[in-house]
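To start, the structure itself, in structure tokens.
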Amino acid sequence: MSRAQRDPGTDGVRRRRTGSDGESAASAAEELHVAGRKAAEEAWNAQVNALGGFIRSQRQMAKLSLREMAAMTKVSNAYLSQVERGLHQPSLKVLRSIAEALHLNTDQMLSRAGWSIHDDEPAADPAPAADRDAAPPGVEDAIAADPRLSDEQKTALLGVYRSFLRRS
């Protein structure tokens, strides 16, 4: 059988037909979901790195070695090193012991790193009011109004968007 007889009008290779619009929409939604999850993970990793950098700078300003801080916090120096490098996300218990060793309260330490332990309270915004007012209008409204996004996706996107605004 010749190539033309196998699949006329093609080069002999059968191609998968594209699906209906519903399949395309589902595929696009899945891609959006994956992209949103990746962006949220990147933002979270950036925050963990920022927290670790803040802890390291505070430890160095206090003129403490990792070993000294480990003894004060009852956390291994290897683990503290990993926290400072953003390789581990410390528990609240570990964060409290670190804050105590650095003579900071936990809320103060987390807010300086751009975090807040209270879900209902936004972290302190270090940007001046003029910079906040310069943000393009409607971004948050557009995310909230998009019917293609689930509530979880909207929350994740808003969190990522706001975290980028706090950093600029």
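Numbers here simply count residues along the sequence, with the first being 1. This one's a predicted model, so the numbers in the text were calculated from it and none came from an experiment.
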Donor-acceptor contact present, side-chain [X] to main-chain [Y], <3.5 Å:
X	Y	value
R85	S81	yes
T155	D151	yes
Q60	S57	no

### Message
Within the supplied structure, the quantity of interest is the number of heavy atoms (other residues, nucleotides, ligands) at a distance under 6.0 Å from R67 CZ; does it exceed 12?
### Response
no
### Query
When you look at CD of E100, are more than 12 heavy atoms from neighbouring residues, nucleotides or ligands closer to it than 6.0 Å?
no
Roughly how far apart are [X] [atom1] and [Y] [atom2], rounded to 0.5 Å?
X	Y	atom1	atom2	result
Q89	N49	CD	CG	11.5 Å
E84	Q58	CD	CD	11.0 Å
I55	L80	CD1	CG	8.0 Å
D107	R96	CG	CZ	8.5 Å
Y79	L66	OH	CG	13.5 Å

### Task
Provide the closest heavy-atom pair for A70 versus S76 in the form atom of the first, atom of the second, distance.
CB-C, 3.9 Å
### Query
Which atom pair, heavy atoms only, marks the closest approach of T73 to S97?
CG2-O, 3.4 Å
### Summary
Quick note, side chain to side chain donor-acceptor pair (under 3.5 Å) partners involving residues 34-43, not counting sequence neighbours, are H33-R37
### Query
Passes side-chain contact (heavy atoms from CB on, under 4.5 Å), M69 versus V75? Steps please.
CA-CA 8 Å; M69 188 145 142; V75 176; over 6 Å; no
### Query
With side chains defined as the heavy atoms from C-beta onward, is the minimum distance between F54 and L104 less than 4.5 Å?
yes
### Task
Check whether any side-chain heavy atom of L51 sits under 4.5 Å from a side-chain heavy atom of L95, and report yes or no.
yes
### Message
Can you tell whether the side chains of R59 and E68 come within less than 4.0 Å, N to carboxylate O?
### Response
no
### Message
Is there a continuous path of hydrophobic side-chain contacts, each under 4.5 Å between heavy atoms, that joins V94 to L87?
### Response
no
